[in-house]
Participant: 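Provided herewith is a single structure, encoded as structure tokens, for subsequent inquiry.
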Amino acid sequence: GGKGCDMPAKEVRTCAVNCQCAGVEWGSWSPCSGTCGEGTREKNRVCKAHKNNGIACRENHPSVDFSSKVTEKCDNGMRCPIIVTGEWKNWGDWTPCSVKCGGGVKTRNRKCEYPGKSVQKEGEKAFDKDYDREKPCVGSGVEVIGGDGDDNQCNKKSCEVSTL
């Protein structure tokens with residue numbers, strides 16, 4: 001009989017094994033997110049897991065070979081509504097006093113306009129009153145001074161007729 005070896009009869013090493021996606025079919029694209037304008041869509045697949053500190057597959061991996069999910073931009077085929085915010089124009093002149101005597105009121109008005117309706121970006125469709133929206137001006141378009149209990153009444157002189 002021979003003399004025994006000092007070396008192991010078998011050496012076992014663990015090797016890093018990357019996840020495996022080669023040949024794995026992608027699922028179908030999801031619908032485009034959102035209801036208008038630009039959105040995103042995605043597709044997924046299930047890859048074999050990595051072992052021993054190999055590269056793990058993950059969503060949107062920079063290398064498609066190690067990606068379990070891919071996301072891309074898509075167009076919903078319809079632009080999003082334009083929302084135009086109203087802007088107050090300057091106040092008009094005060095009206096004459098509402099009465100000749102006894103204290104009355106004066107009013108003035110201003111108009112809420114939508115200048116954004118006429119501004120159009122290149123390649124964009126014009127404002128569509130049936131699809132797009134106007135956001136009203138905040139506040140009132142009418143200002144009043146005078147009235148009962150208001151110290152700023154106009155034509156405060158008495159209406160009593162002198163009988164002298």
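For clarity, every value in this text was computed on a predicted model and none was experimentally measured.
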Participant: So does Lys69 get a backbone contact from the side chain of Asn44, meaning a donor-acceptor N/O pair under 3.5 Å?
Facilitator: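 No; zero donor-acceptor contacts below 3.5 Å.
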Participant: Do Cys159 and Cys101 have their SG atoms under 2.5 angstrom apart?
Facilitator: yes
Participant: Examine distances only and state if a side-chain atom of Trp88 and a backbone atom of Val138 form a donor-acceptor pair shorter than 3.5 Å.
Facilitator: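 It does hold such a pair.
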Participant: Taking C-beta and beyond as the side chain, do Lys111 and Trp91 meet within less than 4.5 Å on heavy atoms?
Facilitator: no
Participant: Does the Asn18 side chain pair with the main chain of His50, one donor and one acceptor, at a distance under 3.5 Å?
Facilitator: no
Participant: Near Asp75 CG, under 6.0 Å, is it more than 12 heavy atoms from other residues, nucleotides or ligands?
Facilitator: yes
Participant: Has the side chain of Asn109 got a donor or acceptor atom that lies under 3.5 Å from a matching backbone atom of Glu143?
Facilitator: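 Between the backbone of Glu143 and the side chain of Asn109 there is no qualifying donor-acceptor contact (under 3.5 Å).
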Participant: Side chains of Ser67 and Cys21: does their closest heavy-atom pair fall under 4.5 Å?
Facilitator: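 Ser67 does not reach Cys21 side chain to side chain.
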Participant: Closer than 4.0 angstrom, basic N to acidic O: yes or no for Arg45 and Glu25?
Facilitator: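 Result for this pair is no, no salt bridge flagged.
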Participant: With rounding to the nearest 0.5 angstrom, report the CD to CZ distance, Gln20 to Phe66.
Facilitator: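 Gln20 CD to Phe66 CZ: 9.5 Å, rounded to 0.5 Å.
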Participant: Could you state the interatomic distance from SG (Cys32) to CG (Asn76), rounded to the nearest 0.5 Å?
Facilitator: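 These two atoms lie 4.0 Å from each other.
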Participant: Does the side chain of Lys73 reach to within under 4.5 Å of the side chain of Glu38, using non-hydrogen atoms?
Facilitator: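 Sidechains of Glu38 and Lys73: in contact.
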Participant: Just by distance, do the side chain of Ser98 and the backbone of Val105 share a donor-acceptor pair under 3.5 Å?
Facilitator: yes
Participant: Report the distance from atom NZ of Lys43 to atom OG1 of Thr71, rounding to the nearest 0.5 Å.
Facilitator: 11.0 Å
Participant: Quick one: closest heavy-atom pair of Ile83 and Lys135, and the distance?
Facilitator: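 Distance-wise, the nearest heavy atoms are CG2-CB, 4.2 Å.
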Participant: Verify side-chain contact (heavy atoms from CB on, under 4.5 Å) between Trp26 and Val70, making sure each step is shown before the conclusion.
Facilitator: CA-CA 9 Å; Trp26 286 101; Val70 176; 3.2 Å; yes
Participant: Could you measure the distance from the CD1 atom of Ile145 to the SG atom of Cys154? Nearest 0.5 Å is fine.
Facilitator: 7.0 Å
Participant: Would you name the heavy atoms of Gly37 and Cys80 that are closest together and state the gap between them?
Facilitator: N-SG, 3.6 Å
Participant: Any salt bridge between Asp132 and Arg79, counting N to O under 4.0 Å?
Facilitator: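 Salt bridge: yes.
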Participant: Under 2.5 Å between the SG atoms: is that true for Cys19 and Cys47?
Facilitator: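 No - the two cysteines, Cys19 and Cys47, have SG atoms at least 2.5 Å from each other.
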Participant: Once rounded to the nearest 0.5 Å, what's the spacing between atom CG of Asn53 and atom SG of Cys15?
Facilitator: 12.0 Å
Participant: Might you work through the side-chain contact (heavy atoms from CB on, under 4.5 Å) test for Arg133 and Phe127, ending with a clear yes or no?
Facilitator: CA-CA 9 Å; Arg133 296 194 313 263; Phe127 186 87; over 6 Å; no
Participant: Is the shortest heavy-atom distance from the side chain of Arg41 to the side chain of Glu72 under 4.5 Å?
Facilitator: yes
Participant: Do side-chain atoms of Ser30 reach the backbone of Glu42 as a donor and acceptor pair under 3.5 angstrom?
Facilitator: yes
Participant: Around Asn52, counting heavy atoms of other residues, nucleotides and ligands shown, do more than 12 lie under 6.0 Å from its CG?
Facilitator: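 Result for CG/Asn52: enclosed.
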Participant: State, with a plain yes or no, whether a side-chain heavy atom of Pro136 is found less than 4.5 Å away from one of Tyr114.
Facilitator: yes
Participant: NZ/Lys89 to SG/Cys137 distance, rounded to the nearest 0.5 angstrom?
Facilitator: 9.0 Å
